[in-house]
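None of the values given here were measured: they were computed from a predicted structure.
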Amino acid sequence: MVPVISQMGILFVIVALGFLGAKSGVMNAGSNELLSRIMLNITLPCSILYSVLSGGRLLNNAQILLLTGIAAVTAAALVLLAGLLVKVFRIPAGQAGLCKFMIIFSNGAFMGFPVIRAVFGPDAIFYASVFNLAFMLLSYTYGVALVSRESTRF
(Lines give C-alpha, C1' and ligand atoms only; values in the text may rest on other atoms or scores of the structure.)
Protein backbone atom coordinates (compact mmCIF):
# COMPACT_ATOMS: atom_id res chain seq x y z
CA MET A 1 0.00 0.00 0.00
CA VAL A 2 2.92 2.36 0.55
CA PRO A 3 3.65 2.77 -3.20
CA VAL A 4 -0.01 3.50 -3.93
CA ILE A 5 -0.31 6.05 -1.13
CA SER A 6 2.98 7.63 -2.16
CA GLN A 7 1.93 7.92 -5.81
CA MET A 8 -1.48 9.31 -4.87
CA GLY A 9 0.27 11.85 -2.63
CA ILE A 10 2.49 12.92 -5.53
CA LEU A 11 -0.54 13.27 -7.81
CA PHE A 12 -2.36 15.29 -5.13
CA VAL A 13 0.61 17.66 -4.77
CA ILE A 14 0.76 18.14 -8.55
CA VAL A 15 -2.97 18.89 -8.72
CA ALA A 16 -2.68 21.28 -5.76
CA LEU A 17 0.25 23.10 -7.39
CA GLY A 18 -1.76 23.46 -10.60
CA PHE A 19 -4.72 24.82 -8.65
CA LEU A 20 -2.55 27.29 -6.75
CA GLY A 21 -0.78 28.30 -9.97
CA ALA A 22 -4.13 29.06 -11.62
CA LYS A 23 -5.47 30.96 -8.63
CA SER A 24 -2.32 33.04 -8.28
CA GLY A 25 -2.21 33.88 -11.98
CA VAL A 26 1.09 32.08 -12.62
CA MET A 27 -0.74 29.71 -14.97
CA ASN A 28 -3.33 30.73 -17.52
CA ALA A 29 -5.29 29.04 -20.30
CA GLY A 30 -2.28 29.15 -22.62
CA SER A 31 0.04 27.48 -20.13
CA ASN A 32 -2.62 24.85 -19.33
CA GLU A 33 -2.95 24.05 -23.03
CA LEU A 34 0.83 23.83 -23.41
CA LEU A 35 1.20 21.50 -20.41
CA SER A 36 -1.65 19.31 -21.71
CA ARG A 37 0.01 19.04 -25.12
CA ILE A 38 3.35 18.14 -23.49
CA MET A 39 1.60 15.47 -21.43
CA LEU A 40 -0.35 14.03 -24.37
CA ASN A 41 2.30 14.25 -27.05
CA ILE A 42 5.57 13.69 -25.17
CA THR A 43 5.30 12.38 -21.61
CA LEU A 44 2.61 9.72 -22.05
CA PRO A 45 4.01 8.24 -25.29
CA CYS A 46 7.52 8.20 -23.78
CA SER A 47 6.22 6.35 -20.74
CA ILE A 48 4.58 3.73 -22.96
CA LEU A 49 7.69 3.40 -25.15
CA TYR A 50 9.90 3.04 -22.07
CA SER A 51 7.65 0.26 -20.84
CA VAL A 52 7.85 -1.57 -24.17
CA LEU A 53 11.61 -1.16 -24.61
CA SER A 54 12.87 -1.56 -21.05
CA GLY A 55 11.71 -4.95 -19.90
CA GLY A 56 10.73 -8.42 -20.88
CA ARG A 57 7.09 -8.98 -21.62
CA LEU A 58 5.23 -11.41 -19.43
CA LEU A 59 2.55 -12.11 -22.05
CA ASN A 60 3.03 -13.58 -25.50
CA ASN A 61 1.41 -12.14 -28.64
CA ALA A 62 -1.68 -14.37 -28.40
CA GLN A 63 -2.25 -13.26 -24.82
CA ILE A 64 -1.88 -9.62 -25.83
CA LEU A 65 -4.53 -10.16 -28.53
CA LEU A 66 -6.73 -11.77 -25.87
CA LEU A 67 -6.18 -8.72 -23.64
CA THR A 68 -7.21 -6.49 -26.55
CA GLY A 69 -10.34 -8.60 -27.02
CA ILE A 70 -11.16 -8.37 -23.32
CA ALA A 71 -10.77 -4.59 -23.55
CA ALA A 72 -13.14 -4.49 -26.54
CA VAL A 73 -15.73 -6.61 -24.70
CA THR A 74 -15.38 -4.38 -21.63
CA ALA A 75 -15.90 -1.28 -23.78
CA ALA A 76 -18.98 -2.82 -25.40
CA ALA A 77 -20.39 -3.74 -21.98
CA LEU A 78 -19.86 -0.17 -20.78
CA VAL A 79 -21.67 1.17 -23.86
CA LEU A 80 -24.65 -1.04 -23.01
CA LEU A 81 -24.48 -0.12 -19.31
CA ALA A 82 -24.35 3.59 -20.17
CA GLY A 83 -27.46 3.27 -22.32
CA LEU A 84 -29.26 1.47 -19.52
CA LEU A 85 -28.21 3.95 -16.81
CA VAL A 86 -29.28 6.94 -18.90
CA LYS A 87 -32.76 5.38 -19.20
CA VAL A 88 -32.93 4.34 -15.53
CA PHE A 89 -32.01 7.83 -14.31
CA ARG A 90 -34.22 9.50 -16.96
CA ILE A 91 -31.48 11.78 -18.25
CA PRO A 92 -32.89 14.39 -20.68
CA ALA A 93 -32.11 13.75 -24.35
CA GLY A 94 -29.90 16.84 -24.60
CA GLN A 95 -27.64 15.58 -21.81
CA ALA A 96 -27.78 11.84 -22.52
CA GLY A 97 -24.80 11.78 -24.88
CA LEU A 98 -22.51 13.56 -22.44
CA CYS A 99 -23.65 11.37 -19.54
CA LYS A 100 -23.00 8.22 -21.61
CA PHE A 101 -19.55 9.56 -22.48
CA MET A 102 -18.74 10.12 -18.80
CA ILE A 103 -19.88 6.60 -17.89
CA ILE A 104 -17.93 4.85 -20.66
CA PHE A 105 -14.66 6.78 -20.70
CA SER A 106 -12.45 7.40 -17.71
CA ASN A 107 -9.31 9.41 -17.23
CA GLY A 108 -7.33 6.22 -16.67
CA ALA A 109 -4.31 7.17 -18.72
CA PHE A 110 -3.47 10.36 -16.83
CA MET A 111 -4.25 9.30 -13.29
CA GLY A 112 -4.16 5.52 -13.65
CA PHE A 113 -0.84 5.02 -15.41
CA PRO A 114 1.29 6.57 -12.63
CA VAL A 115 -0.49 4.44 -10.03
CA ILE A 116 -0.14 1.30 -12.18
CA ARG A 117 3.57 2.04 -12.57
CA ALA A 118 4.00 2.49 -8.82
CA VAL A 119 2.15 -0.71 -7.94
CA PHE A 120 3.08 -3.09 -10.77
CA GLY A 121 6.25 -1.56 -12.23
CA PRO A 122 7.05 -0.01 -15.60
CA ASP A 123 6.28 -3.20 -17.56
CA ALA A 124 2.62 -2.95 -16.58
CA ILE A 125 2.27 0.36 -18.45
CA PHE A 126 2.46 -1.58 -21.71
CA TYR A 127 -0.48 -3.80 -20.72
CA ALA A 128 -2.47 -0.84 -19.45
CA SER A 129 -1.88 0.98 -22.73
CA VAL A 130 -3.02 -2.09 -24.73
CA PHE A 131 -6.18 -2.22 -22.64
CA ASN A 132 -6.65 1.55 -22.96
CA LEU A 133 -6.26 1.38 -26.75
CA ALA A 134 -9.80 0.05 -27.24
CA PHE A 135 -11.21 2.90 -25.19
CA MET A 136 -9.18 5.52 -27.04
CA LEU A 137 -10.34 4.24 -30.43
CA LEU A 138 -13.92 4.17 -29.19
CA SER A 139 -13.66 7.65 -27.67
CA TYR A 140 -12.46 9.19 -30.95
CA THR A 141 -15.30 7.56 -32.89
CA TYR A 142 -18.37 6.76 -30.81
CA GLY A 143 -17.38 9.26 -28.10
CA VAL A 144 -17.27 12.13 -30.57
CA ALA A 145 -20.71 11.13 -31.85
CA LEU A 146 -22.03 11.07 -28.29
CA VAL A 147 -21.05 14.66 -27.54
CA SER A 148 -21.87 16.09 -30.95
CA ARG A 149 -25.15 17.82 -31.63
CA GLU A 150 -26.53 14.73 -33.37
CA SER A 151 -26.08 12.68 -30.18
CA THR A 152 -29.83 12.22 -29.66
CA ARG A 153 -29.82 9.18 -31.96
CA PHE A 154 -27.07 7.42 -29.98
Side-chain angles (χ1 to χ4, degrees), residues 3-5 7-23 26-52 59 63-154:
V4 175
I5 293 170
Q7 190 63 47
M8 294 304 287
I10 291 169
L11 291 172
F12 178 77
V13 168
I14 291 170
V15 169
L17 288 174
F19 177 78
L20 291 173
K23 285 294 183 185
V26 172
M27 295 180 64
N28 58 24
S31 61
N32 287 342
E33 182 181 339
L34 179 63
L35 286 174
S36 294
R37 286 197 335 228
I38 289 171
M39 179 71 176
L40 280 172
N41 299 324
I42 297 173
T43 307
L44 192 57
C46 286
S47 177
I48 294 168
L49 283 174
Y50 175 77
S51 173
V52 171
L59 301 179
Q63 291 169 324
I64 290 173
L65 284 175
L66 177 63
L67 178 63
T68 306
I70 291 169
V73 169
T74 303
L78 284 172
V79 167
L80 295 174
L81 179 66
L84 177 69
L85 288 175
V86 163
K87 288 180 183 176
V88 167
F89 289 111
R90 296 183 183 118
I91 304 295
Q95 298 173 352
L98 183 60
C99 287
K100 287 179 185 178
F101 187 91
M102 291 187 300
I103 293 168
I104 299 167
F105 306 107
S106 68
N107 195 9
F110 298 114
M111 300 301 273
F113 281 17
V115 174
I116 289 169
R117 179 184 217 135
V119 174
F120 299 109
D123 293 342
I125 298 295
F126 172 73
Y127 303 120
S129 63
V130 168
F131 196 86
N132 197 40
L133 180 66
F135 288 93
M136 288 295 100
L137 290 173
L138 193 62
S139 73
Y140 287 113
T141 55
Y142 181 64
V144 170
L146 283 175
V147 295
S148 70
R149 292 187 190 254
E150 297 94 31
S151 65
T152 55
R153 62 184 161 162
F154 293 103

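Considering CD1 of I14 and CD1 of I10, their distance stands at 7.0 Å, rounded to 0.5 Å. In this structure, the separation between CG on L11 and CE on M8 is 6.0 Å, given to the nearest 0.5 Å. In this structure, CD1 in I48 is found 7.5 Å from CG in N132, a value given to the nearest 0.5 Å. For the atom pair I125 CD1 and Y50 OH, the distance stands at 11.0 Å (nearest 0.5 Å). For the atom pair OG of S47 and CD1 of I42, the computed distance is 13.5 Å after rounding to the nearest 0.5 Å. Taking CZ of R117 as the start and CG of D123 as the end, the distance is 9.5 Å to the nearest 0.5 Å.
Residues meeting the side-chain hydrogen bond (donor to acceptor under 3.5 Å, both in side chains) test with R90, sequence neighbours left out: none. Take S129 and apply the side-chain hydrogen bond (donor to acceptor under 3.5 Å, both in side chains) test, not counting sequence neighbours, and it matches no residue.
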Under 3.5 Å, which donor-acceptor pairs do the side chains of residues 63-86 form with other protein atoms, sequence neighbours left out?
from	atom 1	to	atom 2	distance (Å)
Q63	OE1	N60	N	2.9
T68	OG1	I64	O	2.9
T74	OG1	I70	O	2.8

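Closest of all the heavy-atom pairs between F135 and F105 is O-CE2, 3.4 Å. Smallest separation of non-hydrogen atoms from L40 and P45: O-CD, 3.2 Å. Closest approach of M27 and N32 over heavy atoms only: CE-OD1, 3.0 Å.
Within the 3.5 Å criterion, the main-chain N or O of R37 finds a donor-acceptor partner in the side chain of N41.
Under a cut-off of 6.0 angstrom, the local environment of CE in M136 is crowded, with over 12 non-hydrogen atoms contributed by other residues, nucleotides or ligands.
Taking the side chain as every heavy atom from C-beta outward, Y127 and I116 never approach each other to under 4.5 Å.
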